[in-house]
Protein chains: 2
Amino acid sequence: MTNGNFKKPSTRGEKKKAILTAAEKIFAEYGFKGATTQMIADLAGIPKANLHYYFPTKEALYSQVVQTIFDIWLEAADSFDQKEDPASALESYIDKKMEISRDHPNGSKVWANEVTHGAPIIQDYLETTLKEWTTSREAVIQSWIDEGRMDKIDPKHLLYMIWATTQHYADFVHQVETLNDGQPFDDGQWQAATRDVKKIILTGVGLKFGGDDGNR
Amino acid sequence: MTNGNFKKPSTRGEKKKAILTAAEKIFAEYGFKGATTQMIADLAGIPKANLHYYFPTKEALYSQVVQTIFDIWLEAADSFDQKEDPASALESYIDKKMEISRDHPNGSKVWANEVTHGAPIIQDYLETTLKEWTTSREAVIQSWIDEGRMDKIDPKHLLYMIWATTQHYADFVHQVETLNDGQPFDDGQWQAATRDVKKIILTGVGLKFGGDDGNR
DNA sequence: ATAAAACTTGACCAAATGGTCAGATCAGTT
DNA sequence: AACTGATCTGACCATTTGGTCAAGTTTTAT
């Protein structure tokens, strides 16, 4: 069977994905410089030379990892737009971001690392995609404020607070777990965290907060 | 003049401090592995061999830097305790933490980096000093809640939100500046950020928020 | 079947980097 | 001036590491 023009999903594609997954974890744990291609190859279960067959340089691999994170981030951003009223929009955005912190902590860490080190790889994205998304969403929030639907604050600080707080549970998971007697959050604790974050932020900008979460 | 038993402040002490300042900046920008003792020495204006005369290993130097940050962090924690009522305590704590983000962004970044990489150096502090401080402050907040002085939330999530949000302005300064047309915050913007952060958090937990800031 | 293309890998290399060291220089003491 | 201990530094070394390469092996196309 020639498999026609289709890529055989079980070889090239899957192998690259396996390498990317390993890379995400190692980069998250050790940072760009701290990570070695040898560690990544070991975790992926292949020789280092083979890794370099698929990703010519460490930078190329890292770049791919960061790209993936950014896509997830943008996907979460969508959930902001699907609701009409301020409370629902913020709630579902926070829900989604907390979910990402739980399901993709490594990605979040890589992103944080990249940005704190001056975003050498993704500066373009910051200046274009991220900047545009942020500006337009600030406008939306501002219009809600102008319509008297929520309290007057600078929208950008609201967004930063949402980003910072939700990502804290991924980026600082080690600290959070240490303060939780070394245990990772269980379902109930994640639910409680999400609820409290939403409660404080929604109430904080003068929106009504229903109480329990509607997801999961 | 023999200078008696006093250390000559212009030599050893000051030199070490100069090295530490340089180290803080380099470690913040490049992470532990990414930083080289050569870079630090260059920034401090001394030969690498001289740096190793004062700090035998890179780890020892890094360890000192992290220690310094932690002291600053604890100092901020004090400002929480000097107020009686919830609103004042939280306000002055947030004020202080925003001040630190502005004045010691490098320190904050080093701390963030250390924690996201699993706190290999300061794990002890997390488990002892930080854990104790956090637990006791959670109790204080809980008592305020029990007395009906603020809304019912899990105190730990309030603390995490304060940490995450205030430190965001240091750790993610690059992103914040990029979204601010590449400009660093000016005095007014820092004031506005501080006000909005306090407004959202205080209001968010059911406390009264006066409005303008009382410091600076 | 056979040729071509894609993939795999052990061995290797050049550059970077943490740390050493012997000798030079400086400051304080007598 | 002579001595002593602290400080300074250029040259050097061992290790780590990103990346290469030639020699295979496997898969695909004809």
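For clarity, every value in this text was computed on a predicted model and none was experimentally measured. Proteins come first, then strands; the chains are lettered A, B, ... in the order of their sequence lines, and each starts at number 1.
- More than 12 heavy atoms of other residues, nucleotides or ligands lie within 6.0 Å of NZ in B/K156, so this atom counts as buried by the packing criterion.
- The backbone N or O of B/T129 sits nowhere less than 3.5 Å from a side-chain atom of B/E132 that would complete a donor-acceptor pair.
- Taking the side chain of B/K48 as heavy atoms from C-beta on, and the options C/dG19, D/dT9, C/dT17, the nearest nucleotide is C/dG19.
- One atom, CG of A/L51, and another, C1' of D/dG19, lie 11 Å apart when rounded to the nearest Å.
- The interatomic distance linking B/Y30 (OH) with C/dG18 (P) rounds to 13 Å, in whole Å.
- Atom pair B/E59:CD and C/dT17:P shows a separation of 15 Å (rounding to whole Å applied).
- Residues B/A49 and B/T37 each lie close to DNA chain C; by heavy-atom proximity, the contact nearer the 5' end of the strand is made by B/T37.
- In this structure, CG of B/N50 is placed 18 Å from P of C/dA24, rounded to the nearest angstrom.
- Residue contacts for A/A35: at a heavy-atom cut-off of 4.0 Å it reaches the sugar-phosphate backbone alone, with no base atom in range.
- Across all strands shown, B/F55 has no heavy atoms under 4.0 Å from either base or sugar-phosphate atoms.
- To the nearest angstrom, P of D/dT9 lies 8 Å from CD1 of B/I46.
- Neither OP1 nor OP2 of D/dG18 sits under 4.0 Å from any side-chain N or O of A/K33.
- The nearest whole Å value for the distance from the CE atom in B/M39 to the C1' atom in C/dG18 is 13 Å.
- A side-chain N or O of A/Q123 and one of A/E127 form a donor-acceptor pair less than 3.5 Å apart.
- The side chain of B/Y53 approaches D/dA6 more closely than any other nucleotide in the set D/dG10, D/dA6, C/dT9.
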Let me have the donor-acceptor pairs involving side chains of residues 55-64 of chain B, under 3.5 Å, with sequence neighbours excluded, atom names and distances please.
{"unit_1": "B/T57", "atom_1": "OG1", "unit_2": "B/A60", "atom_2": "N", "d": "3.1"}
{"unit_1": "B/K58", "atom_1": "NZ", "unit_2": "B/F32", "atom_2": "O", "d": "2.9"}
{"unit_1": "B/K58", "atom_1": "NZ", "unit_2": "B/A35", "atom_2": "O", "d": "2.8"}
{"unit_1": "B/Y62", "atom_1": "OH", "unit_2": "B/E114", "atom_2": "OE1", "d": "2.7"}

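- B/A41 comes within contact range of no nucleotide atom at all, as no heavy-atom separation falls under 4.0 Å.
- Between B/Y54 and A/P56, the residue anchored nearer the 5' end of DNA chain D, judged by the nucleotide with its closest heavy atom, is B/Y54.
- Atom-to-atom, NZ of A/K58 to C1' of D/dT16 comes out at 11 Å; the value is rounded to the nearest Å.
- Side-chain atoms of B/T57 lie closest to C/dG19 of the nucleotides C/dG19, D/dG18, C/dG18.
- Here D/dG19 presents its P atom at 5 Å from NE2 of A/H52, a figure rounded to the nearest Å.
- Dashed line: the shortest gap from a side-chain N or O of B/K15 to OP1 or OP2 of D/dC8 is under 4.0 Å.
- Ring geometry for B/H157 versus B/Y160: interplanar angle over 60°, hence perpendicular rather than tilted (30 to 60°).
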